[in-house]
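Treat the numbers as computed from the prediction; the structure is a model and nothing was measured. Residue numbers begin at 1 in each chain, while the letters A, B, ... track the order of the sequences. Only this structure's heavy atoms are used, side chains among them; waters, hydrogens and symmetry mates stay out.
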Amino acid sequence: MKDRTRFFEDVHDVVRLVPAGRVTTYGAIAAYLGLKSAARMVGWAMNAAHAITGVPAHRVVNRNGLLSGKHHFGSPTEMQRLLEAEGVRVVDDQVQDFDNLLWEPLKELSEP
DNA sequence: GATGTGACTGACC
DNA sequence: TGGTCAGCCACAT
């Protein structure tokens with residue numbers, strides 16, 4: 001039991017591991033969970049994470065570094081504000097230097 | 001029980 | 001070069 005629901009827990013756990021000032025993508029989380037093609041599920045899990053504290057959903061953006069989920073925050077600018085507060089530059093709802101700030105659990109947590 | 005939807009991604013035309 | 005289509009899994013109705 002609790003085999004499938006663990007997906008949400010895993011997503012929340014991974015997002016919590018994202019260090020401040022870094023961002024990750026839905027695909028990276030999905031890939032880490034073994035569902036690299038189920039990025040949608042990650043977004044859905046984030047919806048549940050919305051009701052949980054300690055899950056920096058604002059650090060999760062789409063593959064283009066675009067704040068696709070900003071609209072799900074209290075305010076459409078809340079996500080950008082949180083990122084900027086951590087030192088992440090956001091312009092036009094898009095993370096600047098995204099490629100350098102990208103934090104992939106499958107890659108970061110895979111290092112010895 | 002079946003159908004629709006969802007904060008995405010990659011491939012194809 | 002840009003737009004469109006299908007795929008993935010879980011939850012809600």
Take atom [atom1] of [X] and atom [atom2] of [N], then tell me their distance rounded to the nearest Å.
{"X": "Leu35(A)", "N": "dG10(B)", "atom1": "CG", "atom2": "C1'", "result": "16 Å"}
{"X": "Tyr32(A)", "N": "dC9(C)", "atom1": "OH", "atom2": "P", "result": "19 Å"}
{"X": "Asn47(A)", "N": "dA12(C)", "atom1": "CG", "atom2": "P", "result": "10 Å"}
{"X": "Met46(A)", "N": "dT9(B)", "atom1": "CE", "atom2": "C1'", "result": "17 Å"}
{"X": "Leu66(A)", "N": "dC8(B)", "atom1": "CG", "atom2": "P", "result": "9 Å"}
{"X": "Phe7(A)", "N": "dA10(C)", "atom1": "CZ", "atom2": "C1'", "result": "8 Å"}
{"X": "Tyr26(A)", "N": "dA7(B)", "atom1": "OH", "atom2": "P", "result": "9 Å"}

*Contact class for His50(A) vs. all strands (heavy atom < 4.0 Å): base, sugar-phosphate, or nothing?*
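His50(A): base contact, heavy atoms under 4.0 Å.
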Could you state whether [X] and [Y] fall into the same hydrophobic cluster, counting links through intermediate Ile, Leu, Val, Met, Phe, Trp or Tyr residues with side-chain heavy atoms under 4.5 angstrom apart?
{"X": "Phe8(A)", "Y": "Tyr32(A)", "answer": "yes"}
{"X": "Val14(A)", "Y": "Tyr26(A)", "answer": "yes"}
{"X": "Leu66(A)", "Y": "Ile29(A)", "answer": "no"}
{"X": "Val18(A)", "Y": "Phe7(A)", "answer": "yes"}

*Are any non-hydrogen side-chain atoms of Glu104(A) and Thr24(A) less than 4.5 angstrom apart?*
no
*Check whether any side-chain heavy atom of Val61(A) sits under 4.5 Å from a side-chain heavy atom of Phe98(A), and report yes or no.*
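A side-chain contact under 4.5 Å exists here.
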_Can you confirm whether His71(A) is buried at NE2, in the sense that more than 12 heavy atoms of other residues, nucleotides or ligands lie under 6.0 Å from that atom?_
no
*Take atom CZ in Arg89(A); do more than 12 heavy atoms of anything else shown fall under 6.0 Å from it?*
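12 or below, so no.
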*State which residue, out of Val55(A), Val42(A), Val60(A), Leu35(A), fulfils the side chain to side chain contact (heavy atoms under 4.5 Å, CB included) condition with Val11(A).*
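When Val55(A), Val42(A), Val60(A), Leu35(A) are each tested with Val11(A), the side chain to side chain contact (heavy atoms under 4.5 Å, CB included) holds only for Val42(A).
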*Measuring from Leu33(A):CG to Leu106(A):CG, what's the distance to the nearest 0.5 Å?*
9.5 Å
_Any donor-acceptor pair under 3.5 Å from His12(A) side chain to Ala45(A) backbone_ =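 Yes, the answer is positive, given that a donor and an acceptor are paired below the 3.5 Å cut-off.
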*Tell me which residues in residues 57-64 of chain A put a heavy atom below 4.0 Å from DNA chain B, sorted by number, or none.*
Ala57(A), Asn62(A), Arg63(A)
*asked:* So that I can compare with my own list, what are the stems of DNA chain B, taken as at least three consecutive Watson-Crick or G-U pairs with distances under 3.5 Å?
replied: B:2-6 with C:9-13, B:8-13 with C:2-7
*Before accepting this row, confirm whether a basic side-chain N of the pair Arg22(A)/Glu108(A) lies closer than 4.0 Å to the acidic partner's carboxylate O.*
no
*Can you name the residues that form a side-chain contact (heavy atoms from CB on, under 4.5 Å) with Leu82(A), not counting sequence neighbours?*
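For Leu82(A), the residues satisfying side-chain contact (heavy atoms from CB on, under 4.5 Å) (neighbours in sequence not counted) are His58(A), Phe73(A), Glu78(A).
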*What residues form a side chain to side chain donor-acceptor pair (under 3.5 Å) with Asn47(A), not counting sequence neighbours?*
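Listed in chain order: nothing, the list is empty.
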*Can you tell which of dA7(B), dT9(B), dC8(C) lies closest to the side chain of Ala39(A)?*
dT9(B)
Write out a two-atom table: protein N or O, nucleotide N or O from nucleotides 1-5 of chain C, distance below 3.5 Å.
none

*Within the pair Ser68(A) and dC8(B), is there a side-chain N or O less than 4.0 Å away from OP1 or OP2?*
yes
For nucleotides 3-6 of chain B, give me every protein contact, N/O to N/O, under 3.5 Å, one pair per line with atom names.
none

